[in-house]
Amino acid sequence: MKFADVILPLSVKDRYTYSIPEKLRGKVIAGTFVRVQFGKRNTYMGVVASVHNIAPESGNVRDIKEISEELGFVNAIQLRLWNWISDYYMCNEGDVMKAALPSENAISNYKPKTEIYLKLTETLSEKRLNEILDSLKKAPRQYDLLSELIRLSGYEDGSEVTPVKKSLLMSGTHATQSAINALEKKGVIGHVDMTVLRTGEEKIASIPVNELSVPQQNSFNAIKKVFETKDIVLLHGVTSSGKTEIYFHLIAEQLKLGKQVLYMLPEIALTAQMISRLNKHFGSVTCVYHSRLNDSEKVEIWKMVSGHEPGGNCSLVLGVRSSVFLPFYNLGLVIVDEEHDPSYKQQDPAPRYNGRDSAIMLSHLHGARTILGSASPSIESYNNAITGKYGLVELTERYGFIKLPEIIISNTREAYRKKLMVSHFTPELLYAIDDALGRGEQIILFQNRRGFAPYIECSECGWIPTCVQCAVNLTYHKALNKLVCHYCGYTTSLPHSCGNCNSSGLVTKGFGTEKIEDEIKIVFPSARVARMDQDTTRTKNSFDRIIKSFEDRRVDILIGTQMISKGLDFENLTIVGILNADNMLNFPDFRAHERGFQLMEQVSGRAGRRQKQGKVIIQTADSSHRIIRNVIRHDYMSMFKNQLEERKTFNYPPFCRMIKFSIKHKDRSHLNHFSDMLGSELRKIFGSRILGPEAPVINRIQFWYIKTIILKIEREKPQSKAKQLIIDVLSRIENEKGSSGLRISIDVDPY
Ligand code: ADP
Ligand code: ZN
Ligand code: ZN
């Protein structure tokens, strides 16, 4: 083959053809990493998508410069997944490639990590060694070091003598570098550089997986039964029913067969607790993959998953959505836990893919099985289950037959009227907290807003400071004493007076986690309080630290955003407070009610997971809201039926497929012009399936004005034709005069 079509890590529509120089013929195949020149000066690492003998029409074709071997290769299944994602989500393969690989810099810098090990000189007899030890009595540091090395290296018990990590030796003795040098000089010890894993701290499988209870065993059997005829199972099990323990059994089975397993969670915050549970059962074959790893760690995991890392092989990956891109070669099972979670969807930049749906495709390409797990499945997945596309297995009891938490509704409107509120807390919530503290139990308080106050306002004229770049109110952060935009990060100091009437009567409005922390400390001065949200978890190990301190009962009350709402398992947690249910239910999105239910059910599910029933206090001004009524009875089915009915009436997914176009321009009138044009062009093709253009609730972000257009197409219809028509329209518009400042992004299955 003389030519190769290469995917470049760029936002370009096409693959580019390069010629394969004589010396590389036969070595360059689909999936090979190659270095190529693109444009005048730049060279990139690309991936060969295919090889062929068809010379491109434009005569001058560049040679591939070289093969780049650092990462091995991209396997055929990965290439098909990239292709599927770019097709389905209507984005460039280059964008998928960028999301899939560690950065190019990391790859070509990447060096295996080595550490210095010390070892005994092999030719020393025991007699000689004892003489040396005797002679060292006056050099205690050398004596210490040598005796410790003799002990740790296995010399003493006659087993094979192994090198010992220098740092380990030094931390266990009073040895200094000069003591080491002296012993080396005497020819007693030597040192070697050995390769170690960056991500491989000691992981030894120490306990077998728990035996399943009868209901768990029944579900396990049911799952296996479904897998005889179907590839996908939805495991709908109430919170703390022991879904995770069922996964462990399925994992153990796969590992025994020599297969790989991908276990996905929606958020990094959840991986800390889970990885330690997994390490205990499965030891050194586990690894965790997420965006907080540094580039070298990512490269190392990539190699371990591909089976090309001499230091270790990884058969069980715990990861967030991006882990679908790892080079699995022998995948047997994919677990997508909390499958309903919106965090599985990537918003920006492209590829705007759903990690759950991509994982289903990955699993399919491997001929593997998929299990989707949730206590409150997405409407789409549950619908797929009851219509027979997926198998359905349900677990309706908590492990140990502990009751689901009691839900207490606390009406804030009434409490305000009767002047019973203490800052933002109702008497019911305060009583429950006080009671739990008295018994030494723990509490979680959930508020889905970070910062101190969502906005500040002039009490004279109603002026509200907004972001200079976005159509958004600025959030007050007390610790910083600054106003911050949560959309673009713009920060400004707190004004002393109103920007409109100059009055000094600026007041904070509403409340976020930071304010709740402040106030709870005032109401319960002796309680130990911690907060977990984006602001307190910026450093690498902050999640682990906060979760650990709560696990170890060094914290009584943990306040947090959705980060603390899902998946976590705490032994001594009995009370959950939801501070404002209303802001979860009242936002303009067809999924608002589904989301509200899921969030409340999830966060409630943290309470009372051992021994005794937990209690959840939900503060709301609208206690008769249908979703609140569903949550009180943990009634997923009613919620599902109502939502499905509404989706049908108003034609929303799963009854149609949605594609959302976001049109952006820094000039408002240009934006209007082009979005109208796009709207009418699309309408010519799709007629009444097109809605908009409309200004979204937040219609300007970082100086870009925004409009959106929604396309709803029938599920049954093949989509490739529709997508081609869309692509044609977009390229026509991009060729219009004055469209250079225009940006159009496409979001398939927006979430
Ligand atoms: P879920 O994933 O459904 O929320 P988990 O699997 O985390 O539930 O189980 C809830 C709690 O019960 C965990 O602490 C777990 O260790 C414990 N548990 C569940 N099943 C078993 C079992 N078979 N043996 C011992 N402990 C179990
Ligand atoms: Zn004012
Ligand atoms: Zn902003």
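One is the number of the first residue; the rest follow in order along the sequence. For ligands, and for the atoms within them, numbers begin at 1 and follow the listed sequence. All heavy atoms count here, side chains included; hydrogens, waters and symmetry mates do not.
The minimum heavy-atom distance linking Ile578 with Ser604 is given by the pair CD1-OG, 4.4 Å. Shortest non-hydrogen contact noted between Gly391 and Val226 is CA-CG1, 3.7 Å. Shown here for Met264 and Gly355, the closest heavy-atom pair between the two residues is CE-O, 3.1 Å. What you find for His236 and Pro377 is that their closest heavy atoms are CD2-CD, 3.4 Å. Minimum heavy-atom separation, Ile379 to Glu594: N-OE2, 3.2 Å. When all heavy atoms of Arg321 and Ser343 are compared, the closest pair comes out as NH1-O, 2.9 Å.
Listed by chain and number, Asn210, Glu211, Leu212, Ser213, Gln216, Val238, Ser240, Ser241, Gly242, Lys243, Thr244, Glu245, Arg277, Tyr399, Asp569, Arg609, Arg610 each place a non-hydrogen atom less than 4.0 angstrom from ligand 1.
Just one residue in the list Asp357, Asn354, Asp747 forms a side-chain hydrogen bond (donor to acceptor under 3.5 Å, both in side chains) with Lys345, and that residue is Asp747. Checked options Asp556, Asn572, Leu573; the residue passing with Glu441 is Asn572 (criterion: side-chain contact (heavy atoms from CB on, under 4.5 Å)).
By the 6.0 Å contact criterion, NZ on Lys615 is open, its count of non-hydrogen atoms from other residues, nucleotides or ligands being 12 or less. Counting heavy-atom neighbours within 6.0 Å of Lys548 NZ, excluding the residue itself, gives a total of 12 or less.
Around the Zn ion (ligand 3), the protein atoms of type N, O or S that sit closer than 2.8 Å are Cys467 SG, Cys470 SG, Cys485 SG, Cys488 SG. For the Zn ion (ligand 2), the set of protein N/O/S atoms nearer than 2.8 Å consists of Cys458 SG, Cys461 SG, Cys498 SG, Cys501 SG, ordered by chain and number.
Counting only residues at least two apart or in different chains, ring pair (Phe, Tyr, Trp, His ring centres under 6.0 Å) contacts with residues 591-615 comprise His593-His625.
Side-chain contact check for Ser213 and Gln216: at least one donor-acceptor pair (N or O, by modelled atom type) lies under 3.5 Å. No side-chain N or O of Ser638 forms a donor-acceptor pair with one of Asn630 less than 3.5 Å apart.
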